[in-house]
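Inspection log for the structure reproduced underneath, given as structure tokens.
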Amino acid sequence: MWSNKFSRRHFGKMAGLAALGLSTGPVRPADAQSGPTGQKPVAAFPDGFRWGTATSSYQIEGAVSEEGRGPSIWDTFAHTSGKISDKSNGDVADDHFHRYKEDVQLMKALGAKTYRFSIAWPRVFPEGSGKPNPKGLDFYNRLLDELLASDIEPFATLYHWDLPQTLQDRFGGWTSRDTAKAFADYSAYVAERLSDRVKHIFTINECSRLVHLGHGLGLDAPGLKLSQGEQNQVRHHVALGHGLAVQAIRAHAKAGTKIGLAENMVNCIPAIETPENIRAAEIATRELNAGYLTAILEGKFTENYLAHADAPKYSADDLRIISSPVDFVGLNVYTPDHYVVATDNAQGYTLAPFPASFPHMDATWLRVGPEALYWAPRHAAKIWGVKSIYITENGTSSTDQLAADGNVYDVDRIMYLRNYLQHLQRATSEGVPVAGYFLWSLIDNFEWMDGYQKRFGLYHVDFNTQRRTPKLSASFYREVIKRNAVV
Ligand code: NOJ
């Protein structure tokens, strides 16, 4: 399966992984310091910058009924008629549960030294709380051991949307504070058992999407269409769950465990880089993230958020919990959310409408604005004083096709990545404290409502045979990692 020309030509043949056609040879100092022309690359990243890939449990694991796993709201949702565009589900997905060793080799072949994955809560607590299922946790023990044996540092996310169905049935899921409390208990349990090997833990992935698409638009599980006021309350419970989990992890994890979250911050970009527009973009970013990052990092809601007729019900104690100090902030950055122009109005900015001709990638929501990867971390550092930032997701889907020669020439993904990474490099060169980057995704996988039709992987997956094939972008990313620079 690895014998296509790409792997041979572009990755070289070295011992160990030679059978896969991928070289994992040591990076020679000359490679790290020089570009293809022998010059020191202009676009180099700081020494020690962490390069990795990211995935999530429901999107890749499959094995939904194995070793005691309980159902999640995504199992229920995906099996509900009309919810997933290609009528698929995550029952098998990438079969990663059984093929994790092979998948760790794929990471190794890239030269990646970190990996962000998520833990399926219903594997660990099939009923959400109460009796744990040690066999479920064992899968992650096996995965961690495999990663560490391959010299890959694990970064674990505790919640990437696969809520145990029982919590939805018993409490109404995140519409209830009880779910926030159950999340903290689950977090404590996992932290206690895995923090000997996992040193970086993310609480929740993309609070904003799970609230908006899951509880507002009904496009993600659990598929609810709540009023704005009800959504605000859900948002509050999710943020509270994050804060309770931070405290629970601190209390139960090994000393030195670092804790954060991974958020798709609403990213407002100055339409033209003038001091006025930059200031306006900062005001807009703070305001449009009022329920999440602003509350979490400042310990208060903005006046505008509270002036909203449907502001959530909360106590001062809730806000103290929500803003429990984190060690780092993860940012999922795909696209510019808004371009901003400074305006002499009450809010101080105008969000420019996107022209119909604005370019996008394979998914229409995925507008191409590489500077998003400069502004997101810069805003987090400037607005909230964040001292350690990880880009926890960045990447694109592409209409990848296996060419007649068996290769996937995803030059559009390479174009996207190269341009975004140049802007990330601008950020690090200016001292914005970005410590690492996780490319979404290692392998094509179950892309939620789009099923298997949107492919984000560096490795193409044939979902009939589970065969993984490196795309040309895998060669690109390997070069980036090897040189610690944009190539
Ligand atoms: C963000 C989500 O965290 C991830 O699950 C999803 O696949 C990517 N965006 C791409 O849509």
Side-chain angles (χ1 to χ4, degrees), residues 52-62 72-75 77-78 83-86 88-90 93-94 96 103 115-121 155-163 202-214 217 219-222 238 242 260-267 292-293 329-337 360-369 372-373 376 390-400 410 412-413 416-417 420 437-461 463 473:
T53 56
T55 63
S56 88
S57 45
Y58 189 71
Q59 293 180 272
I60 65 166
E61 284 179 3
S72 78
I73 56 173
W74 263 99
D75 296 278
F77 189 74
K83 300 297 183 193
I84 310 299
S85 61
D86 61 1
S88 65
N89 54 59
D94 293 89
H96 171 77
D103 292 338
Y115 174 53
R116 173 176 177 244
F117 67 102
S118 83
I119 294 171
W121 185 349
F155 282 55
T157 306
L158 293 172
Y159 187 70
H160 203 121
W161 311 344
D162 37 6
L163 185 77
F202 303 95
T203 55
I204 296 179
N205 179 71
E206 295 198 356
C207 298
S208 55
R209 174 164 168 179
L210 87 89
V211 174
H212 186 53
L213 269 71
L217 300 179
L219 295 171
D220 279 354
V238 170
H242 156 79
L261 76 169
E263 188 53 15
N264 55 339
M265 179 186 95
V266 180
N267 190 12
Y292 306 104
L293 285 182
V329 168
L331 298 172
N332 293 359
V333 183
Y334 288 87
T335 189
D337 294 298
H360 62 77
M361 301 298 290
D362 176 37
T364 47
W365 62 267
L366 223 165
R367 294 190 173 108
V368 186
L373 206 47
Y390 288 93
I391 301 303
T392 32
E393 292 183 25
N394 172 243
T396 183
S397 64
S398 161
T399 53
D400 302 321
D410 57 339
D412 55 344
R413 180 174 286 105
Y416 172 100
L417 293 171
Y420 274 67
Y437 169 93
F438 296 86
L439 197 152
W440 186 274
S441 179
L442 176 70
I443 44 181
D444 293 338
N445 55 50
F446 178 74
E447 177 55 18
W448 309 114
M449 69 187 89
D450 292 320
Y452 297 98
Q453 288 172 328
K454 296 288 178 206
R455 295 176 173 273
F456 278 81
L458 289 175
Y459 289 85
H460 178 275
V461 177
F463 290 102
S473 57

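Throughout, residue positions are numbered sequentially from 1 according to the sequence presented. Numbering of ligands and ligand atoms starts at 1, following listing order.
In terms of protein heavy-atom proximity, atom 8 (C) of ligand 1 is closest to Tyr334 OH, 3.3 Å. For atom 1 (C) of ligand 1, the nearest non-hydrogen atom of the protein is Glu393 OE1, 2.9 Å.
Side chains of Trp121 and Ser72 form no contact here, defined as non-hydrogen atoms less than 4.5 Å apart. Between His160 and Phe202, the closest side-chain pair of non-hydrogen atoms is not below 4.5 Å. Within the 4.5 Å cutoff, side-chain heavy atoms of Trp440 are placed close to those of Asn445. At least one side-chain heavy atom of Ser208 sits under 4.5 Å from a side-chain heavy atom of Glu263. Looking at Ile84 and Trp74, their side chains come closer than 4.5 Å, going by heavy atoms from C-beta outward.
Taking any N or O of Trp161, backbone or side chain, none lies under 3.5 Å from an N or O belonging to ligand 1. Between Ser56 and ligand 1, not a single N/O pair is under 3.5 Å apart. The shortest N/O to N/O separation between Trp365 and ligand 1 does not fall below 3.5 Å.
The proximity of Lys454 to ligand 1, defined as any non-hydrogen pair under 4.0 Å, does not occur for either the backbone or the side chain. Contacts with ligand 1 closer than 4.0 Å are made by side-chain heavy atoms of Asn205 only, the backbone lying farther away.
Set against the non-hydrogen atoms of Glu447, the atoms of ligand 1 under 4.0 Å away are 6 (C), 7 (O), 10 (C), 11 (O). Numbered from 1 in the order shown, with element, the atoms of ligand 1 that lie under 4.0 Å from a heavy atom of His160 read 2 (C), 3 (O), 4 (C), 5 (O).
A salt bridge between Asp410 and Arg455 is absent, with no side-chain N of the basic residue lying under 4.0 Å from a carboxylate O of the acidic one.
Between Tyr334 and Trp365, the ring planes are perpendicular. Angles over 60° get that label, and only those under 30° would be called parallel.
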